[in-house]
Amino acid sequence: MSMVQTAPSYLEDGHGLASWLLTRDHKRIALLYLVSIIGFFFLGAIFAGLIRVNLLSPQGDLVRPQTYNTFFTMHGLIMIFFFLIPSIPAVLGNFVLPLMIGARDLAFPKINLLSWYIFIVGGLFTISAGLFGGVDTGWTFYTPFSSIYSNSNVVLTVIGIFIVGFSSILTGLNFIITTHTMRASGMTWFRLPLFIWALYATSLIMVLGTPVLATTLVLVALERVFHLGIFDPSRGGDPIYFQHLFWFYSHPAVYIMILPSLGVMSETITCFARRRIFGYNAIAFSSLGIAVIGFLVWGHHMFVSGQSVYVGMMFSLLSFLVAIPSAIKVFNWMATLYGGTIAFDTPMLYSLGFIGLFTVGGLTGLYLAAMGVDIHVHDTYFVVAHFHYIMVGGAVMGFMAGLHYWWPKITGRLYPEVWGRLAAIITFLGFNLTFFPQFILGYLGMPRRYHMYPPEFQALNVLSSAGASILGIGYLLPVIYLLWSLRRGQVAGPNPWRATGLEWQTPSPPPTANFEAPPVVREEPYSYPTWEAQID
Amino acid sequence: MTESIAGLEHQFETLEQQHEAGWLGMWAFLATEIMFFGGMFTGYVIYRWAYFGAFAAGSKDLEIWAGTLNTLVLICSSFTMVLAVHAAETGERRGQIGFLLATMFLGTVFLGVKGYEWTTLFRDHHVPGIGFHFSGPYQNTAQIFFSFYFALTGMHALHMVVGVGLLTFLLVKAWRAEFTPAHHAAVDIIGLYWHFVDIVWIFLFPLLYLVDRHR
Amino acid sequence: MGAVLPLFPPIASTYARQEDLLFYFLVAVTLFFVLLIFGSIFFFAVRYRRRTPDERAQPTRPNLPLEVAWIVIPLVIALVIFVWGAKLFFVAMRPPAQAVEVTVVGKQWMWKIQHADGTREINALHIPVGTPIKLILTSEDVIHDFFVPAFRIKRDVVPGRYTTAWFEATTPGTYHLFCAQYCGTNHAAMIGSVVVMEPADYERWVRARTSPVLPASAGAVLFQRLGCSSCHQTNTNAKAPALAGLFGQQVTLADSRQVTADMDFLRDHILTPGKTPVAGYPQIMPTYQGQVSEEQILELIAYVRSLARAERSQGGS
Amino acid sequence: MSGVTVSRKTYAGVWGSLVVLTLLTAGIAYLDLGVLNPVAAITIAVIKMALVALFFMHLRYTRIRLTYVFTAAGLLWLALLMAFTWTDVITRHPIVPPPPWPANDVTSHMSIFKAK
Ligand code: HEA
Ligand code: HEA
Ligand code: CUA
Ligand SMILES: [Cu+2]
């Protein structure tokens, strides 16, 4: 290396633990998040594995009922609050958002680091609750069970989730302000990559929804400690009020989980079809549409809860309306594929898998939103299958797509392509084997959160468990080959995919300041070459 | 990188951009705060509808002079806060210190009065969960009102405590004469927070103290 | 029951038939879109695969009619499903007037069921085929959920209030009854069975029961024992309102709101009289919170309802 | 972030109005205005909020338009949360009022399915 070497990459800019734990570089913070959420994912996955092993037999032989209940509670809490919600935003978003808009960092780097610490502290609280007594409320904390009857460690858990909520709020805040104030010159709103629009919409939900969850959890904790009676019918409280508050956050939260993945799709599909996106505006606005209408459908989780039927109807109608922006996105991607030049690198395989599974998951959401059908399938495995299709088949696949796509940018190395494709295919197959039988189980009437079940449901449960073990392999493979690629992977170069976008115009891995000179944007987004216009 | 402009953080190009980000950041944060209190306000609304009698009775049990006094105290503290901002804009260091101290003082008075109210309520067994007792026809529904009273005022008081902490931080900076007419974003932004906490109280006052007073 | 790999639940109520229709429609819609999307992915993947590294794509041109089409078509389909689903929901939520009432009290972790004639059952419900049954559900502790997959009905059982559900069984048999709302340790064991019988069998089953006490009669005894009758006397006096004829009427509250004297109202009034104080009376009625069980409250309510009936029949209607 | 320095006189005026409004709201609470009581209380609170936000928080002077959007979003979302929850609570009554009395003895019970 010559002495006139330009700025060192962010990975070389400082060594030692302190240079990581005290960093304010969004790229390093993203890696801190990456390591932590992968840890949480496998913790959650171990619980999933235990759930599936237990359900191999109708009597639920593996563990006692109470233990099983703590399993699915921890599984749900960890997967949702400590893995999926921070996954794409805090890892990939954190890493590429400033790069994509041509900024040196997020607007509030210290707050960014702080939010990681908050995340870890929240995680420690929740895990320690799991260790000391466990929690058995389900991730939904329904009152009055959680507030009075549960004998488990609810308060500690609730504190953990409360804390981690602030991490989410701060990340969202940071993204919103950064997108508004720090775009490079020439980077107008309609030149932003669609991933940024998706992150913006996600942040909107984080910022406006999460505080309500915080309040709700505070009230549950207070109720448990002081017996306030707000959710306790025997003191005149209304348990349904809890459900309103909870779902006011937690329904929009499912869009926190999916919107970033939808954003990743717009990047990968265009890159691997090498074609300009079809319907940029429609996709951009559909993200905002989902975020806004998504706030008005929370009552679809409560159709049979005893809420007013009239309100139920309103929520049902709005749930159908919120499906339309998702439909718009799917069709726009199809139109982008049309006439493209499609390559099947790993991110693209994950992306195509995503589209398929998201479609199935989303369409089954329509069954649930149809009030008459929801009466039957509510709180059965049909719901479990629905949300795993969207969250595991959809969001996690989207995360994998994004991780592989930006991996060369993050590490400067390419992952081994063959292994990548293999893992993507195994995941897809294992996934369907795991969760498709659950649709049937659900319609047959197997309720969720059951530690044992009538014998006639066994065959389908065994299939599902078998699928889970394949799926498990599908998830373990990437860990191995991605780690391997850190040292042995091919050196990537700044733009291995020949993609457009500012993040590819800087070295991989990028220098701490991201760009050598402040970039100026002159092109429309996704200006891939076509037959006609020769773009050089 | 250009560290030439005093106080410019590395990620920004200009001070202007930096201030704008800070200002917008605080406003966005205040939007989250609205929602944070919002969950409880929603509960307040529906329970007040369902238990109007109990809310009226509970409300009458609060000391109106304390509520009114506290409202006035907070309004004055907002006034002194905005004067501190003014002093920062004009670069008067003594003004900054004086008004910040005044704001902190008023904030503390508020908390003192609140503490007094809480102890009286505690003495009267009006604290939910701790041997709650309420005589009269609403004996078994009044607790709901006090639950909201304590949840809302408690959360508000917590914000006040945080606010006083932030003011201390400003005070130190003002003492060191770090604020110049060109660079005093911190005062501006923390001022916003303080005013917001004041606004929350402006709503809490009629909602908690003035339910059906006239009867 | 008993099949090794069942793929579809038994259809045993009128509602189940109607609900399955919508379900099939949804399956068709799903298949259509899944085939469309998977199909085009495969087709595009083959047709437009990248042959040379520098192959260039077709230019992207706006196509408004296409965009409108894929907004409007899904929208129409979605609205059809919405209307259909909502209609069904109202069917499920609107019990026919002649439905026979059965009360259900859920508690951790069992179902306590009482028939209109007073017969009690635990974790089992025997009903005749072809009779609309209306369930009145409440819980002693946490939220449960009464779920009979064969009937496609499900309703949360919420403490502190009454929810209702109804069904009309069409096929005799024994069906699963599940608790579908997570309610603690033995949630999965809070199961039972619903036995649907031919009318003749059912009649035999009814006859075999030791003559149970009617809920209203039990309620009348309670009414005396709890001292309700000391204030609420049959002849209207000033101390407390007479309860005859009250049920189902509009009641004016002290804060001049109007409410219907339904089961929830009566329940609230026994447990938290201060919640809905009646206009024109001093609020001296004590709370019975903690002194009466959910079943007893139901009996008291049955009694107050029977007073309404007595009133009517005296009125000669 | 206003770029404008507002005169202390303006602030004092606002402060004065806030004090007056506080006393006013406390006073009005003692008059019997029926439904207008809560309406008056909330209206005054909203006016006070507006005064604080516009003048003390410089909303009136800022050139960053986005500030309005953020504030409005916060308030709008709160309104949505309240409106939907509230609608549920006030329309929760059963869609069919229960019949005056149940079919509550064996004979009436039996007759129903015998009739079929
Ligand atoms: C990432 C997470 C995620 C996402 C994106 C969604 C998306 C949707 N969800 Fe889902 N959902 C969950 C996660 C998610 N959900 C979870 C976790 C639960 C359970 C919570 C619990 O109780 O624990 C749940 C539960 C749940 C319920 C409550 C079920 C019950 O408990 O009874 C309902 C009811 O309406 C519902 C509906 C929908 C709808 C309509 C969408 C829509 O947004 C889907 C839109 C997408 C499409 C429609 C597909 C693409 C479109 C086309 C291919 C075109 C064709 C379209 C039409 C014809 C309209 N979901
Ligand atoms: C992002 C969210 C997310 C993700 C990624 C997953 C991933 C998985 N989930 Fe999860 N799940 C939820 C979110 C998620 N889930 C939520 C929110 C609930 C509701 C909780 C509630 O009811 O409160 C739920 C509930 C839930 C249930 C229902 C439990 C019940 O109601 O009783 C089941 C049952 O099969 C299940 C299975 C799985 C499986 C097999 C995976 C797989 O994809 C995981 C893949 C990994 C593996 C298959 C394991 C790999 C194996 C190891 C690392 C070691 C294994 C160890 C041993 C076998 C000892 N999940
Ligand atoms: Cu009762 Cu689950
Ligand atoms: Cu939802």
Side-chain angles (χ1 to χ4, degrees), chain A residues 65-66 69 138 142 144-145 149 233 236 239 274-276 278-279 282 304-306 309 313 316-317 320 323-324 327-328 331 334 337-343 352 356 359-360 363 366-367 370-373 375-376 378-379 440 443-445 447 449-452 454 456 459 528-532, chain C residues 1-7 9 19 22-23 26 30 33-34 37-38 40-41 44-45 48-50 55-60 67 70-71 74-75 78 81-82 85-86 88-89 92-93 141-143 149 152-156 158-160 163 176 178 180-188 272 275:
Chain A
Q66 181 60 22
N69 297 345
Y142 270 23
F145 179 70
Y149 289 88
R274 287 188 72 68
R275 183 157 185 260
R276 175 117 164 238
F278 185 94
V304 301
S305 70
V309 290
M313 247 171 67
S316 170
L317 177 62
F320 283 104
I324 303 302
I328 294 177
F331 292 127
M334 302 314 294
L337 287 179
Y338 172 88
T341 62
I342 304 173
L352 296 177
T359 302
V360 176
L363 286 167
L366 302 182
Y367 296 51
M371 305 168 81
V373 178
I375 296 182
H376 177 53
H378 171 71
D379 270 354
I440 304 173
Y443 204 74
L444 282 171
R449 299 170 174 175
Y450 260 32
H451 132 277
M452 55 187 192
E456 70 261 28
Y528 288 101
T530 63
W531 315 324
E532 294 179 342
Chain C
M1 269 194 228
V4 177
L5 189 66
L7 295 176
E19 195 267 351
L22 175 52
F23 179 75
L26 280 161
T30 313
F33 280 107
V34 167
I37 285 162
F38 277 74
S40 5
I41 287 182
F44 294 159
Y48 299 113
R49 68 184 180 280
R50 193 178 296 169
E55 203 180 354
R56 284 162 186 270
Q58 280 181 26
T60 308
E67 294 203 54
W70 68 48
I71 293 175
L75 186 64
I81 304 172
F82 162 68
L88 264 181
F89 191 72
M93 288 291 143
D141 35 46
V142 301
I143 305 179
R152 315 282 188 274
I153 66 135
K154 177 183 287 126
R155 192 77 169 132
D156 271 13
V158 187
T163 52
H176 287 300
F178 292 127
Q181 182 62 265
Y182 176 67
C183 55
T185 310
N186 285 320
H187 163 60
T272 44
K275 184 175 176 186

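These numbers come from a predicted model, not from an experiment. Throughout, protein chains are lettered first and strands after them, A, B, ... in sequence-line order, and every chain is numbered starting at 1.
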Under 3.5 Å: donor-acceptor pair, side chain of C:K154, backbone of A:H378: yes
Any side-chain heavy-atom pair of C:E67 and A:F278 under 4.5 Å: yes
Contact winner vs chain C - A:P65, A:A370, A:S305, A:S316, heavy-atom pairs under 4.5 Å: A:S305
Minimum heavy-atom distance C:L5-A:A459, with the two atoms named: CD1-CB, 3.5 Å
Option in C:V34, C:T272, C:I143 with maximal non-hydrogen atom pairs under 4.5 Å from chain A: C:I143
Approximate separation, where rounding is to 0.5 Å, of C:F82 CZ and A:M313 CE: 4.5 Å
pair A:F331-C:P74: side-chain heavy atoms closer than 4.5 Å: yes
Those residues that, when tested against A:Y450, pass side-chain hydrogen bond (donor to acceptor under 3.5 Å, both in side chains) (two or more places apart): none
Exercise: identify the closest heavy-atom pair between A:F320 and C:A78: CD2-O, 3.6 Å
Shortest non-hydrogen contact from A:L337 toward C:F44: CB-CD1, 3.7 Å
Option that, when pairs with chain A are counted at under 4.5 Å, heavy atom only, ranks first among C:L7, C:L22, C:T185, C:I41: C:T185
Structural part of A:A343 lying under 4.5 Å from a heavy atom of chain C: both
Side chain, backbone, both or neither of C:E55 within contact of chain A (heavy atoms, under 4.5 Å): both
Contact check, side chains of A:T341 and C:R56, non-hydrogen atoms, under 4.5 Å: no
Contact winner vs chain A - C:S40, C:A45, C:A92, C:A86, heavy-atom pairs under 4.5 Å: C:A45
Any donor-acceptor N/O pair, A:D379 side chain to C:Q181 backbone, under 3.5 Å: no
Atom of C:P59, atom of A:R275 and distance for their closest heavy-atom approach: O-NH2, 3.2 Å
Closest non-hydrogen atom pair, C:I153 against A:I375: CA-CG2, 3.9 Å
Winner by heavy-atom pair count (cut-off under 4.5 Å) against chain A, out of C:L88, C:T163, C:D141: C:D141
Residue selection (most heavy-atom pairs with chain C, distance under 4.5 Å) from A:L363, A:N69, A:I440: A:N69
Close side-chain approach of C:H176 to A:E456, heavy-atom, < 4.5 Å: yes
Validation row, ring centre C:Y182 to ring centre A:Y142 under 6.0 Å: no
Per-residue contact mode, C:F38 against chain A (heavy atom under 4.5 angstrom): side chain
Atom of C:P149, atom of A:H376 and distance for their closest heavy-atom approach: O-CE1, 3.5 Å
Side chain to side chain, A:F145 and C:C183, heavy atoms closer than 4.5 Å: no
Contacting moiety of A:L444, where chain C heavy atoms sit under 4.5 Å: both
Aromatic ring pairing A:Y367/C:F23, orientation class (parallel under 30°, perpendicular over 60°, tilted between): perpendicular
Atom group of A:T359 that falls short of 4.5 Å from chain C, counting heavy atoms: side chain
From CD (A:Q66) to NE2 (C:H187), nearest 0.5 Å: 13.0 Å
